[in-house]
Amino acid sequence: MRTRFAPSPTGFLHIGGARTALFNWLYTRRYAGTFILRIEDTDQVRSTEESTRAILDAMAWLGLNWDEGPYFQAERVNIHREMVQKLIDTGNAYYCTCAPEELEAKRKKALAEGRKPKYDGTCRDRGLPRSSGSVVRFRGPEVGVTVVHDLIKGNISFNNEELDDLIIERADGYPTYNFAVVVDDAQMGITHVIRGDDHVNNTPKQIQIYEALGYEVPLFGHVPMILGSDRARLSKRHGATSVMAYQEMGYLPEALVNYLVRLGWSHGDQEIFTMEELVREFSLEAVGKSAAVFNPEKLLWLNQHYIMAYPAERLVESVLPFWEKRGFDVSDRPFVAKAIADLRTRSKTLVEMAEGGVFYFQEEVAYDPEAAAKFLTPEYAGHLVAVAEGIPGLAEYTKDGLESFLRALAEERGTKLKWIAQTLRVALTGKTVSPGIDEVMVTLGKERVIGRIQKAVAWIGAAS
RNA sequence: GGUCCCAUCGUCUAGUGGUUAGGACGCUGGCCUCUCACGCCGGAAGCCGGGGUUCAACUCCCCGUGGGACUACCA
């Protein structure tokens, strides 16, 4: 089995393309086939190297490696031209000199009159030679039926009379997509073409080209589209659509992969899959036929799940960049690891985690005005002093040891734990929301805790 | 307009002629609790409509309706 992912380098790898790549990759890995990456850059105007780079980066981030390529379609024009010539020689293609404006006018007119806006065949039988500005059209059969055998959608048949004589070589000598894709897929020995179902209507034309060229027709699998919340094709206005934007927003690749694979594919009631399970279980037969709406909330849930399930060391590696970006000193790895352990159950994204953990790294705790107004008051200052005084004599400076210490202290002082805990929280983190106060104290360590308490007490003195 | 595809809770989906129509996200009531989370227990929420076929249709067929894709010298 040989498959391929063939994006055009006219932008970043988007969510839809990523899922197509993922389906191809999973299917190929499952059957130990060869996965090929081909960049479809025959649009000389819109293709950029930067886009190619971005697509490769996104594939790597998602963990979708390829076995051959990347091949560049534009580097294969000689082969394409040779095949165009072959089609002309066999009478399966012809030169056409109709002007684009003229064609456009005819199209509009036909549409206005309620007729099919297909090429009228003006040059089909004129036997024109190549000339400046001429294009090459494929001569499609006028009668009969072409049926697409689709691995996902079943058999789809088209009346050939509905099909256009499409242009296979532009005036600039470059092949068009529908032609180049056939030549390349055939010559690269692609056996399974898995792509978005926006290509189904092109497929019968492509099949005719395969046949005219004497190639074996591959198997097709058209995966349904991904829609936005308004059921329109997913686009920027629905939020981030670039794969790498999700990395920047603090998503883990496993979460995106898991989310994407469940968009259109399912395996009973299972929601969480490892890559190994996916490679073992994925099948095109279990891919649904209908389009799916992209649901950011569920992706967020999965991300949270993976943040909690990630191996500690990998989570550290993943979060580090977000703190470094904020200019924090993260050289004390054991300390960073402890902070992450505190934060991991309360973060849906790495960005959220980095944000929620800034206090671990701040030399000077930034007090939230509202929190300070409520808890950093003379009324509560005594709690802080008592905590600071009690810490040095603590037998067990651990989560449990601190908890019993604080509970005992609350009782001793005739108050509830929550008042001491919240006051402490503001003194140590600057906020009223943070990981468990005992966890924070353990991670910060005695020195920092006492230092921060002293600063808070001083702050209260200065403020009142 | 034409061609093609699709249709189970708001969303992702299981289902393959006989089920109290299951799970997940989200929403929501409660428990837990030093805050926020995590976790646990519970709840509301769905077979697009109409005809057939059948003893029996979410399931099969047809017609509507709705949504989507394509209809480029883009891919």
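Here the structure is a predicted model, which means the values were calculated and not measured.
- At a cut-off of 3.5 angstrom, counting only N and O atoms as typed in the model, there is a donor on one side and an acceptor on the other between the side-chain of A:Glu271 and the base of B:G23.
- In summary, the aromatic rings of A:His305 and A:Tyr259 are positioned with their centroids too far apart to meet the 6.0 Å limit.
- Residue A:Thr42 is in sugar-phosphate contact alone, with no base atom involved, counting any heavy-atom pair closer than 4.0 Å across all strands shown.
- Between the P atom of B:C73 and the CZ atom of A:Arg137 lies a distance of 7 Å, rounded to the nearest Å.
- Both A:Arg19 and A:Pro117 sit near RNA chain B, but only A:Pro117 has its closest nucleotide nearer the 5' end.
- Between A:Arg115 and B:G2 there is no side-chain N or O to OP1 or OP2 distance below 4.0 Å.
- Heavy atoms of A:Arg425 sit under 4.0 angstrom from at least one base atom.
- Nucleotide B:C34 holds its C1' atom 16 Å from the CZ atom of A:Arg413, rounded to whole Å.
- When every heavy atom of A:Lys205 is checked against every heavy atom of A:Leu163, the shortest pair comes out as CG-CG, 4.0 Å.
- Spacing of P atoms, B:C58 relative to B:A21, comes out at 10 Å, to the nearest Å.
- Shown here is A:Gln270, whose CD atom has more than 12 heavy atoms of other residues, nucleotides or ligands within 6.0 Å.
- The CZ atom of A:Phe294 sits 18 Å away from the C1' atom of B:G68 (whole-angstrom rounding).
- If you check every strand for non-hydrogen atoms under 4.0 Å, A:Leu263 touches sugar and phosphate atoms only.
- Among the protein residues, A:Thr345 comes within range of the nucleic acid bases, having at least one heavy atom under 4.0 Å from a base atom.
- Nucleotides B:A24 and B:G67 are separated by 32 Å at their P atoms, to the nearest Å.
- Nucleotide B:C47 is shown with an anti base, its glycosidic torsion being more than 90° from 0.
- Look at A:Arg107 and you won't find any side-chain N or O under 4.0 angstrom from OP1 or OP2 of B:G2.
- Taking the six-membered ring for Trp, A:Tyr27 and A:Trp265 have ring centres at least 6.0 Å apart.
- Note: CD (A:Gln304) to C1' (B:G26) measures 13 Å, nearest angstrom.
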